[in-house]
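Remarks on the structure that follows.
Quick caveat, the model's predicted, so the values are computed rather than measured.
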Amino acid sequence: MTLDPVTTTLRPDMNTMTLVHRASRGTLAWWRSVVLYEYSAEAATHAEAAIDCVADVTRLGADGVVIPSGAQPISSADAAAIVSAHHEAGLKVVPSLSPSRGKDGLLEDAQTWLAAGADGIDLRSALAVDHDLATGPFHALLAEHLDDGLLSGAMRERDDVADHLAEDWLGHIRDDSLTDAPWDADEIRDSITRTFATRDALGASPAWTTTYALYRRGPSGTSWQANDHSPNRVRATALMVMALPGACYLLQGEEVGLRDWSLDQAPAERAQRVRAAQLEQEFDPTSMFEHYRRSLHLRRGHRLGTGTVAWIDGAHRADGTLELLNRCLLTVLNTSSRPVALPEAVNLVHASTDIRRLSDGRLVLPSDAAAMIELPPFAGSEEV
């Protein structure tokens, strides 16, 4: 049975705009809007494999990498080689330290990485294992080596995020709130709104991810990915995330459709698998890889990582959809089972799937899809 599309007028100047996040003025630290590509577990213990991945990251268009360390101390030579290779390609380097090293070992590894020129330190797994881990010594090391270094972490429990942001002065905390949200426009909108509210109140930056921050084995029962691991939903959510201000974390392989969560595969083996898939999908406009690459290109070109965000509401908005305005790009996400018809004159810049056109000229956004539309500047719009 073919469903008649619900019409949305997409006129933000004639409907209610609810401000979610206001852009900061002045020069911002790089980590406020960075896109970080996270290598597989213990990648730092395979320096040659990590260096070989530089071309994969630049091919995609990410801004930097997260490199998980292992149970053994990183050598100064390996750290220097890894950092140098990535910096030569214009990529930031943020090593993620292993809790198996203990408190003294964590500080030793942080010192080694920072002395080699790393741009920050990720305490994701360490903070998850030891919630009382003192972050002061790491801040002191960062201040000794960098003017704008990043200290980041990750949490599973949403309720702990505000406390850790306030007490540990972390620039990023990624959590599973968006990953665990049901496939429902209102639930996804609420998750995004809460994330901005928590971070903005404390001067931190959102750190978006659609995979699990702590290598969970799979989605929770409520997650939009739990029962229907639909590539369409993955593509739609990725486009929406790229439209959000803040930082983004991409898990190695998700850009080619490899979402196996645990990253237990050996770093060199996984890198080869991802590289082969990238090269196979490159230049295919229908591929997952080109969708991620195009989304990242639009994010960078329109400076979406540092924009002001508002929800667009009004009688026009169809049930099961959300409309997010960042600068002059409007992202529409359709989580309903019905297609949504866009107005005839819209300037479609990208979509997560094929968009068909009706006989009257309007474009139709299918179910489980997202579209990014460029709007003309209007009164009150912000283009700084």
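The side-chain tip of Lys92 does not point at the ring of Trp31 from less than 6.0 angstrom away and within 45° of straight on.
In this structure, CG in Leu333 is found 6.5 Å from OG1 in Thr237, a value given to the nearest 0.5 Å. Interatomic distance, Tyr39 OH to Leu251 CG, rounded to the nearest 0.5 Å: 12.5 Å.
For Thr112, the side-chain hydrogen bond (donor to acceptor under 3.5 Å, both in side chains) criterion is met by no residue, not counting sequence neighbours. Asp63 meets the salt bridge (charged side-chain N to carboxylate O under 4.0 Å, His left out) test with Arg300; sequence neighbours excluded. Scored by the salt bridge (charged side-chain N to carboxylate O under 4.0 Å, His left out) test, Arg293 finds Glu282, Glu290 as partners (sequence neighbours excluded). The side-chain hydrogen bond (donor to acceptor under 3.5 Å, both in side chains) search around Gln111 returns His145, not counting sequence neighbours. Take Ser76 and apply the side-chain hydrogen bond (donor to acceptor under 3.5 Å, both in side chains) test, not counting sequence neighbours, and it matches no residue. Scored by the salt bridge (charged side-chain N to carboxylate O under 4.0 Å, His left out) test, Glu48 finds no partners at all (sequence neighbours excluded). For Thr286, the side-chain hydrogen bond (donor to acceptor under 3.5 Å, both in side chains) test picks out Asp284, with sequence neighbours left out. Take Asp78 and apply the salt bridge (charged side-chain N to carboxylate O under 4.0 Å, His left out) test, not counting sequence neighbours, and it matches no residue.
Under the salt bridge (charged side-chain N to carboxylate O under 4.0 Å, His left out) criterion, the residue pairs touching residues 239-255 are Glu254-Arg259, with sequence neighbours excluded. For the ring pair (Phe, Tyr, Trp, His ring centres under 6.0 Å) condition, the pairs that include at least one residue of residues 230-255, sequence neighbours left out, are His172-Tyr249. Pairs passing the salt bridge (charged side-chain N to carboxylate O under 4.0 Å, His left out) check and including a residue from residues 132-153, sequence neighbours excluded, do not occur.
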Tell me which donor-acceptor pairs under 3.5 Å the side chains of residues 113-121 have, and how far apart each pair is, sequence neighbours excluded?
residue, atom, partner, partner atom, Å
Trp113, NE1, Ser69, OG, 3.4
Asp119, OD2, His87, NE2, 2.8
Asp119, OD2, Val93, N, 2.8

Original post:
Given Asp56 and Arg59, is the salt bridge (Lys or Arg N to Asp or Glu O under 4.0 Å) satisfied, shown in steps?
Top reply: CA-CA 5 Å; Asp56 306 333; Arg59 185 182 302 115; 3.0 Å; yes
